[in-house]
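Contents: one structure, followed by commentary.
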Amino acid sequence: MVKLLHFSDTHVSHRRFRDVKDSWKIHNRVTWIEEDYCQGFKEALEIAAKIDCDYLVHSGDLFDIPVGRNFSGPTEYSRAFVIRELKNFFEKTNYEKLLIIIDGNHGTYLTRNNSTLEFIQAAFPDNVHIFTNYHLKDAIRKNTPLILEMEDVNFYLFPYLKFGRLETWYEEYEKWLVNNQQPDSSKISIAVAHGMDRGMDLHELVLQYKYDYVALGHDHNQRRIKKNAWQCGSTAKYTFAERDQKKGVLEVQIKKGEDPTITPHLIKKTRRMKQIDMTLNTDLTVVEFEKKLKEKMSEFKAVFNGENATRLKFSFDGSILLSNWWNMEDILIELQKDGLGDNYNLLEFRWDSGDVKKRAPISLEKSAQLYDYLIEDPVEDFERYIRSLSLENEKQAMQFIDLGAKIIEEVFTYTAKEEESEKEETS
Ligand SMILES: [Mn+2]
């Protein structure tokens, strides 16, 4: 039997710069939010020591940065934190445990042959095995396996790759997988993959092959995908969509040829995130809007304490007059200043109005409609305009006219449809 601690998506070194309180946990060293993700990582290791697992498996996104076009590496604080906590863990367990980590889409320089996992491996060369994006690309190019073979168990590694982006990548990836990554029927076989979107970043075969366990990462919500495949979720809340999720890690006991036994362990201390939903309507005055928000905020009136301060988000939908919305945004900015001041126990204050329909005032809507009637036949008008340019190339001129006609048609039909649906809604 083999016992794993499966953890994932620790996102250490996650920082926020907008809409957060200007406050350090340790002055000039680490902010409260950055520290939250360090603590999640630390608690996962504490659970690993307690359950006395044979292997620790991290299924990606250990560090939060670099990501996408943000090429900044993890902060020195968080690098040191990770090394120190791992050293504590390995010492406590007499350097008998192995940690296996794969690259996710975070914490890796996707277009370069570098990964932030490298210095961890360099610090603990006998206890840490890393599998990076560039290891994967090499393996695909050379058609070689990406496997860690131990005496009792084989690990099949699938660092993050959005192979479904191009058909040719998909075919190459599948070919590599079929040729190299099939489970060994005589040994305990464990797949480790960062991905959740099937056919895009998680290949169907990873779930179909008879691995004894598939340790998945990328989805921050802990859940069972199949009897033998789990997303273990993140160790700290990351987006407001995760506000009500429990966070944790998985203890996995595996016997060859049997279903694995999964025991979730909760991360106890996670930051409170609260989202307040409000539906706006065009009758709502700016004064009423301010009053309502202040009422909702009163719950958080307290002396600031970074240890238990809340991250708060207002989410608006409904519809509103644009001219009112401008004033409401000014009020939100004022309330944010208050909320992140000394009288509220808030660490973050933000809002999302992406779902609000912002309507122009009636007077403007009317003039916009009047404008439609000024052009009798926009296609003809456009053709006249192109002809006025006296283009020498007749073929090119015709292409412009055709293209213009298509665009005009699209724009005008779209407007007509939009108006219809708006009328339906208000009736
Ligand atoms: Mn991810």
Side-chain angles (χ1 to χ4, degrees), residues 9 11 14-25 31-37 64-65 67-70 106 220-221 234 236-245 247 270-361 364-365 418 422 425-426:
D9 295 82
H11 287 270
H14 177 63
R15 305 167 97 187
R16 296 201 61 86
F17 299 96
R18 282 195 57 180
D19 305 321
V20 289
K21 191 181 176 81
D22 182 19
S23 166
W24 299 91
K25 179 183 163 72
T31 64
W32 296 101
I33 290 179
E34 185 181 341
E35 177 72 5
D36 286 350
Y37 298 90
D64 189 55
I65 46 176
V67 60
R69 281 183 223 159
N70 176 1
H106 286 253
H220 288 189
N221 191 14
S234 54
K237 292 172 194 170
Y238 194 74
T239 67
F240 278 84
E242 298 169 41
R243 62 192 181 273
D244 298 325
Q245 292 173 7
K247 295 297 170 190
T270 56
R271 171 80 52 192
R272 185 176 177 219
M273 282 173 119
K274 169 117 187 199
Q275 180 173 311
I276 297 175
D277 299 319
M278 266 178 85
T279 301
L280 307 178
N281 64 68
T282 44
D283 295 334
L284 184 69
T285 66
V286 177
V287 175
E288 285 165 348
F289 178 75
E290 180 171 13
K291 205 177 132 211
K292 273 194 177 178
L293 287 189
K294 278 190 168 160
E295 267 168 35
K296 307 258 186 205
M297 280 173 69
S298 63
E299 180 191 337
F300 306 100
K301 257 199 169 149
V303 179
F304 176 76
N305 174 6
E307 296 292 344
N308 59 23
T310 300
R311 297 174 65 175
L312 177 66
K313 177 184 172 183
F314 284 100
S315 178
F316 302 112
D317 63 4
S319 60
I320 198 84
L321 287 180
L322 192 56
S323 49
N324 276 357
W325 178 249
W326 292 331
N327 292 328
M328 289 169 180
E329 266 189 322
D330 287 344
I331 284 170
L332 278 164
I333 290 166
E334 281 301 310
L335 291 178
Q336 184 187 54
K337 218 186 281 170
D338 284 352
L340 299 178
D342 293 334
N343 300 321
Y344 289 90
N345 194 19
L346 290 175
L347 192 53
E348 182 172 9
F349 185 112
R350 60 198 279 206
W351 61 90
D352 180 0
S353 65
D355 290 336
V356 179
K357 264 197 182 163
K358 287 143 197 157
R359 299 185 45 191
L364 282 183
E365 273 184 1
E418 282 282 284
E422 279 235 326
E425 252 191 20
T426 44

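Values reported hereafter were calculated over all heavy atoms of this structure, with side chains retained and with hydrogens, waters and symmetry mates removed.
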Qualifying residues under salt bridge (charged side-chain N to carboxylate O under 4.0 Å, His left out), relative to Glu299, sequence neighbours excluded: Arg272, Lys274
Any donor-acceptor N/O pair, Arg271 side chain to Ala309 backbone, under 3.5 Å: yes
Lys296 charged N/C atom sitting above Phe314 aromatic ring, 6.0 Å / 45°: no
Distance in Å, Phe240 CZ paired with Ile276 CD1, rounded so as to fall on 0.5 Å steps: 10.5 Å
Minimal non-hydrogen separation, Thr279 against Asp317, with atom names: OG1-OD1, 2.8 Å
Ring geometry between His14 and Tyr238 (parallel below 30°, tilted from 30 to 60°, perpendicular above 60°): tilted
Flag side-chain contact, heavy atom, 4.5 Å: Leu347 against Ile33: yes
Worked verdict on Glu288 versus Lys292 for salt bridge (charged side-chain N to carboxylate O under 4.0 Å, His left out): CA-CA 6 Å; Glu288 285 165 348; Lys292 273 194 177 178; over 6 Å; no
More than 12 heavy atoms from other groups under 6.0 Å of NZ on Lys358: yes
Separation between CZ of Arg350 and CD of Gln336, rounded to the nearest 0.5 Å: 10.5 Å
Heavy-atom side-chain contact between Tyr37 and Asp64 under 4.5 Å: no
Shortest non-hydrogen contact between Leu346 and Phe349, atoms and distance: CD1-CD1, 4.1 Å
Atom CG of Asn70: over 12 foreign heavy atoms under 6.0 Å: yes
Heavy atoms from other residues, nucleotides or ligands near CG of Asn305 exceed 12 (cutoff 6.0 Å): yes
Distance (rounded to the nearest 0.5 Å) between Leu322 CG and Thr282 OG1: 13.0 Å
Full working for salt bridge (charged side-chain N to carboxylate O under 4.0 Å, His left out) between Lys237 and Glu242: CA-CA 6 Å; Lys237 292 172 194 170; Glu242 298 169 41; over 6 Å; no
Minimum side-chain heavy-atom gap Leu312-Tyr344 below 4.5 Å: no
Atom pair OG1 (Thr31) and CZ (Arg16), whose distance is rounded to the nearest 0.5 Å: 11.0 Å
Between CD on residue Glu290 and CG on residue Leu332, distance to nearest 0.5 Å: 9.5 Å
Pairs meeting criterion salt bridge (charged side-chain N to carboxylate O under 4.0 Å, His left out) with involvement of residues 325-335, two or more places apart: Glu334-Lys337
ring-ring contact (aromatic ring centres under 6.0 Å, His included) evaluation trace for His220 with His11: CA-CA 11 Å; His220 288 189; His11 287 270; 4.8 Å; yes
Under the ring pair (Phe, Tyr, Trp, His ring centres under 6.0 Å) test, residues paired with Phe289 that sit two or more places apart: Phe316
Rounded distance [0.5 Å steps], NZ in Lys357 versus CD1 in Ile320: 13.5 Å
Backbone N/O of Gly341 and side chain of Lys21: donor-acceptor pair under 3.5 Å: yes
